[in-house]
Amino acid sequence: MSTTEGPPLIPGAEAKKISLDRESAGAHRRGGWFNGLGQRWNALPRQKQWFYLIIIVVLAYLLPVVNPPFISTEPGNNWPLACAQMSIYALVAVGLNVVVGYAGLLDLGYVAFFAVGSYTAAMLTSPDSPYVHIPYLWTLPVAMGVAMFFGVMLGIPTLRLRGDYLAIVTLGFGEIVRIMATIIPAMKGQVGFQNVGHPPGTDAAGNAIFLNSNGTPWYWLTLSVIIVVLLLAGNLERSRVGRAWIAIREDEDAAEIMGVPTFKYKVWAFVIGASVGGLSGALFAGQVGFVNNQKFDVVTSVLFLCAVVLGGTGNKVGAILGGALVAYIPLRFTAIAEYKFLIFGVALVLIMIFRPAGLLPARQRLLAYGRAAYNKVTGRKGVGDAGGSRAMSTRVSDEEKGAQT
Amino acid sequence: MLPSLLASMPMDNDWISFDVPSLIENFWSATFDGLTFGSIYALVALGYTLVYGVLNLINFAHSEVFIMGCFGVWFTLSALNFGPSAPHLGFWAIVGNLILALVVGMIVSALTAVIVERVAYRPLRRRNAPRLAFLITAIGVSFSIQYLLYLWRGPSPERALTMFHPTPIFDVFGTIIDSQQIVIVVAAVIMMIVIDLFISRSRTGRGIRAVAQDPDTATLMGVNKERIIMTTFIIGGILAGAAALFYTMKIPSGVQYNGGFILGIKAFAAAVLGGIGNVRGALVGGLLLGLIGNYGQILLGNSQWTDVVAFLVLVLVLILRPQGVLGSSLGRSKA
């Protein structure tokens, strides 16, 4: 049952659905607390979901100001800066989730797009660079564009082939970007670019709001960007494109046979992921204020991947949680910070073996869509089946009929 | 905005320059050195190719299988009192020590490969997990081993060890071929031939080819699939251990926690270049990649370009001829 969910409409069906969800929650005890949470959330009516969502968003915006005890990072790690870092990781994870989670393509060089975005922002705003200078906020779309260009360059040769090739080519690309930053003089190697620009604005005393030492405004900016990206990614996920991605992820050959232009949609997923990577890189460059070749090693790519896998491959909320956790854990528990790469490496293996769906498993909406489409084509109308994604209610009503007869 | 951006670009292209005279001058030494590196790539590439042939899976952890072998070799030689300067030992004493180090390297690498298979792949195979899951556990295991080594040995490379002084043997086109190059190339080629014979002649080799061709039918015909998979990993590990000895011989300061990473990517590029899943392709691809990398490095004048060139080769092969130079897969090679 948990594989077919959509917003329920009629009260009777809803009650039935909740009870069915309970059953399935009981059946999948291994899913545990997080699964139950997800199901309870989906069982809520739309208005309540919005209400809770607004509360969550407000709380998220308040996070760096409140500095909650116990949750806060250990002394020595500034909490607002930690929040800014968590938000950037979360944005990265949302972008990578499009590639890995939706389309099922393993991108092991995601840090390269992050680096491309950072360098774009740095080279267009830092006084150390001889190029044309533009206001910082304009570098965000430019960084996205440049990262998309690299995504196309890398995606077109490799995506025609099996997924494994993409993994190793992106792994190599991640390293190549770092090497190029070292050996191309214009990219200044280890010297790097100082004083990367920041958004305009001053407070009452005339000091700039966006300082490298103050994480709060950066956190708010990144959080706002995340919300926008989430809305866009959510729409894509529910669109024709998103269905194509899921079909490709589940079985590429079958998707191809059914007429899905797999190559085109794989390139789209890769390029959209790359653009979000570039965007987060530009934000990172602005927040840290300094870009050199030491920050973009391949291990960071694996951390990003771990964020997506930990949160739940294919679940955008899970990706945010995973990204924030990956950034948060080493800052909260400084005693284990030294071992973080080992811990996350082992975590990748353990999650894939014991809980492949991650902390927040992705809901499989594909079946729901498929049923809605089937009903539309056959002209059969279920109770309350007025539109695209209401398949759930028809399904339940079907079963009710079955129970009555 | 774009015209002004272009106008502000510095017009000197001094980050890339083609030093053709130096390539012509050093052509033969680059060739022999390239073949030496190429044989090392080929040995590692075989590990990728065999596992890919049997499981249809890139074993990302193979670079760590290789680097564990390097540490095995290094510790053995350190224990045998090898140091930065070549030891004053007789010929046969050095040969004996090197063979001992070779055996230890092979054992360590093969053990690592078996552990990787048991821990990362077998549980997923049991569960019929999707391909993505295999790739993710592979990268996770690779990462874990790398950082275990990091925590144990620290970030800096191990002390350099010299096994013997390369002595000039031949003089070809005015370029000296030294004993080290000969040892590496000859030993690697012999091992590749032995493996090729093993795969094409022996009973186990036939089993490997059968599983590569069709695992289910092979199982029905009485082939023990799990044992074949294990054997494949062990062979890959043994060859990686041999590569580890030659690598430590060629690049004494290369024993480092992340030393396997770039070499792994190059070896994979070599496997793809030769035709992944093809045993002879690994040799051809390795030697070709060694040559291309070395020429590129001299032509472009910076040793870091070798890695970039190898990567470009990989991407170009994938565009132009994804099945590689020799093409055919392990399953379809001659019976």
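Keep in mind the model is a prediction, meaning the values are calculated, not measured. We use all heavy atoms of the structure for the numbers below, so side chains are in, but hydrogens, waters and symmetry mates are not. Convention: sequence-line order gives letters A, B, ...; per-chain numbering from 1.
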Q: Between Val309(A) and chain B, which part of the residue has a heavy atom less than 4.5 Å away: side chain, backbone, both or neither?
A: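 Side chain of Val309(A) only, per the 4.5 Å heavy-atom cut-off to chain B.
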
Q: Work out which heavy atom in Leu106(A) is nearest to a heavy atom in Ile136(B); give both atom names and the distance.
A: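 What the structure gives for the nearest pair is CD1-CG1, 4.0 Å.
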
Q: Can you tell which of Val346(A), Thr313(A), Leu154(A) has the highest number of heavy-atom pairs within less than 4.5 Å of chain B?
A: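 Answer, by heavy-atom pair count under 4.5 Å with chain B: Val346(A).
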
Q: If you compare all heavy atoms of Ser144(B) against all heavy atoms of Gly345(A), which two are closest, and at what distance to 0.1 Å?
A: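 The pair with the smallest heavy-atom distance is OG-C, 3.2 Å.
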
Q: Heavy-atom count around Phe263(A) CZ within 6.0 Å, excluding the residue itself: above 12?
A: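 Correct, the count exceeds 12.
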
Q: At a 4.5 Å cut-off on heavy atoms, which part of Phe261(B) comes close to chain A: side chain, backbone, both, or neither?
A: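 Looking at Phe261(B), just its side chain touches chain A.
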
Q: Please give me the minimum heavy-atom distance between Gly140(B) and Leu348(A), naming the atom from each residue.
A: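 Shortest heavy-atom separation between Gly140(B) and Leu348(A) comes out as CA-CD1, 3.8 Å.
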
Q: Does atom OH (Tyr295(B)) have a neighbourhood of more than 12 heavy atoms from anything else shown, all under 6.0 Å?
A: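 Check passes, neighbour count above 12.
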
Q: Is Pro130(B) close to chain A through its backbone or its side chain, or both, or neither, when contacts mean heavy atoms under 4.5 Å?
A: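 Answer is neither: Pro130(B) stays 4.5 Å or more from chain A.
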
Q: Relative to each other, are the rings of Tyr147(B) and Phe341(A) parallel, tilted or perpendicular (30° and 60° limits)?
A: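 Tilted.
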
Q: Can you give each donor-acceptor pair under 3.5 Å made by side-chain atoms of residues 166-184 of chain A, sequence neighbours left out, with the distance rounded to 0.1 Å?
A:
residue   : atom : partner   : partner atom : Å
Thr170(A) : OG1  : Leu108(A) : N            : 3.0
Thr170(A) : OG1  : Leu166(A) : O            : 2.7
Thr170(A) : OG1  : Ala167(A) : O            : 2.8
Glu175(A) : OE2  : Arg178(A) : NH2          : 2.6
Thr182(A) : OG1  : Arg178(A) : O            : 2.9
Thr182(A) : OG1  : Asn293(A) : ND2          : 3.0

Q: Need one label for Leu148(B): side chain, backbone, both or neither, based on atoms under 4.5 Å from any heavy atom in chain A.
A: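 Looking at Leu148(B), backbone and side chain both touch chain A.
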
Q: Tell me which of these, Phe268(B), Tyr150(B), Phe143(B), has more heavy-atom pairs under 4.5 Å with chain A than the rest.
A: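 Of the candidates given, the most pairs with chain A belong to Phe143(B).
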
Q: Give, as side chain, backbone, both or neither, the part of Val299(A) having an atom under 4.5 angstrom from any heavy atom of chain B.
A: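 Both parts, heavy atoms under 4.5 Å.
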
Q: So what's closer than 4.5 Å to chain A heavy atoms on Leu124(B): side chain, backbone, both or neither?
A: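 Side chain only.
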
Q: Which answer fits Ile145(B), side chain, backbone, both or neither, if we ask what part of it has an atom under 4.5 Å from a heavy atom of chain A?
A: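 It is neither, since no heavy atom gets under 4.5 Å.
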
Q: Give, as side chain, backbone, both or neither, the part of Phe60(B) having an atom under 4.5 angstrom from any heavy atom of chain A.
A: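 Looking at Phe60(B), just its side chain touches chain A.
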
Q: What part of Arg127(B) lies closer than 4.5 angstrom to a heavy atom of chain A: side chain, backbone, both or neither?
A: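 Side chain only.
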
Q: How would you list, by chain and number, every residue that makes a salt bridge (Lys or Arg N to Asp or Glu O under 4.0 Å) with Arg125(B), sequence neighbours excluded?
A: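 Arg125(B) satisfies salt bridge (Lys or Arg N to Asp or Glu O under 4.0 Å) with Glu117(B), Glu226(B) once adjacent residues are dropped.
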
